2 protein chains.
Amino acid sequence: MKVNSMRDVAAAVRGRRKDLGLSQADLAARVGVSRAWINAVEAGKPSVELDLVLRLLDHLGLRLDLAKPGNLGDVFKGRSVDLDSVLDEYRDR
Amino acid sequence: MKVNSMRDVAAAVRGRRKDLGLSQADLAARVGVSRAWINAVEAGKPSVELDLVLRLLDHLGLRLDLAKPGNLGDVFKGRSVDLDSVLDEYRDR
DNA sequence: AGACAACGTCACCGTTCGTTGACAAGGTGG
DNA sequence: CCACCTTGTCAACGAACGGTGACGTTGTCT
């Protein structure tokens, strides 16, 4: 899921927390933050601290990825092209 | 690139800014933040505001993705294991 | 050498953060 | 019905945010 705004993060956090069957209080205790903060994050509060959010995502087992434009596509492209030439090389032996 | 900490974000931001040939001041003006803040982010300051960071990443053309466990990782795992066994097979010929 | 650009860092300021403890409201189960 | 759990929200507080303007350092060019 692409993250465009704080609202995307908020939805992912709440959704995942419910998937795990945790209350806001449970999660807050595990992450080491206040329940009020979890509630604020889930409500989409824009100005929350990034490191706390990273910690929260980690505890929820949500993976965050950063990619340059065309990077993921290039990686896959590069991979498949290299793979073919490598395999051809071995076939000719 | 997986984001584990603020340091990963910092490195990506600085790297991308340099790739684009922008100074901290140029970038700050475009994003609508102070140069000091850009510098703080690139130094890995943990407590920066998430919405400002999201804006910064957007201006740098860096894509942020959130994924649940087993969503993307398994895909890569399967791929790398298959590649190694295929290459080993050809080596033995 | 001097000039300039870029960056790292600082102090001050007004604003707002996260925590704490509390309360109201909604939902569930016995 | 009552008891309990959960969530949304609030006020007060100390800490720290981001912006501003400035200065020192580093690197490059003439």
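It should be emphasised that the depicted structure is a prediction, and the values quoted were computed from it without experimental measurement. So you know, we letter chains A, B, ... as the sequences are listed, proteins then strands, and number each from 1. Only this structure's heavy atoms are used, side chains among them; waters, hydrogens and symmetry mates stay out.
- Listed for the A:R16 side chain is a donor-acceptor partner under 3.5 Å among the backbone atoms of A:L60.
- Using modelled atom types, one side-chain atom of B:R17 and one backbone atom of B:L22 make a donor-acceptor pair closer than 3.5 Å.
- Dense packing is recorded around NZ of A:K2, with more than 12 heavy atoms of other residues, nucleotides or ligands lying under 6.0 Å away.
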Take B:L50 and A:K45, measure what side chain to side chain contact (heavy atoms under 4.5 Å, CB included) needs, and give me the verdict at the end.
-> CA-CA 9 Å; B:L50 180 55; A:K45 180 180 164 72; over 6 Å; no

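- Contacts between residues 11-29 of chain A and DNA chain D, defined by a heavy-atom separation under 4.0 Å, are made by A:R14, A:R17, A:S23, A:Q24.
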What does nucleotides 24-30 of chain C look like as a protein-contact string, B for base, S for sugar-phosphate only, - for none, at under 4.0 angstrom between heavy atoms?
-> -------

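- Summarising the geometry, the separation between CD on B:E42 and P on C:dA6 is reported as 14 Å, rounded to the nearest angstrom.
- Looking at every heavy atom in both residues, B:V53 comes nearest to B:W37 through N-CH2, 3.8 Å.
- A 4.5 Å side-chain heavy-atom check between A:R55 and A:E49 finds every atom pair outside the cut-off.
- Minimum interatomic distance between B:D8 and B:N4 (heavy atoms only, all atoms of both residues): OD2-N, 2.7 Å.
- Between the side chain of B:N39 and the backbone N or O of B:R35, no donor-acceptor pair lies under 3.5 Å.
- A salt bridge links A:K68 to B:D19: one of the charged nitrogens lies within less than 4.0 Å of a carboxylate oxygen.
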Using a 4.0 Å heavy-atom cut-off, write out nucleotides 11-20 of chain C from 5' to 3' as B (base contacted by protein), S (sugar-phosphate only) or - (no contact).
-> ------SSSB

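- Among all heavy-atom pairs drawn from A:V41 and A:A10, the shortest one is O-CB, 3.2 Å.
- Between the CG atom of A:N39 and the P atom of C:dG21 there is a distance of 18 Å, given to the nearest Å.
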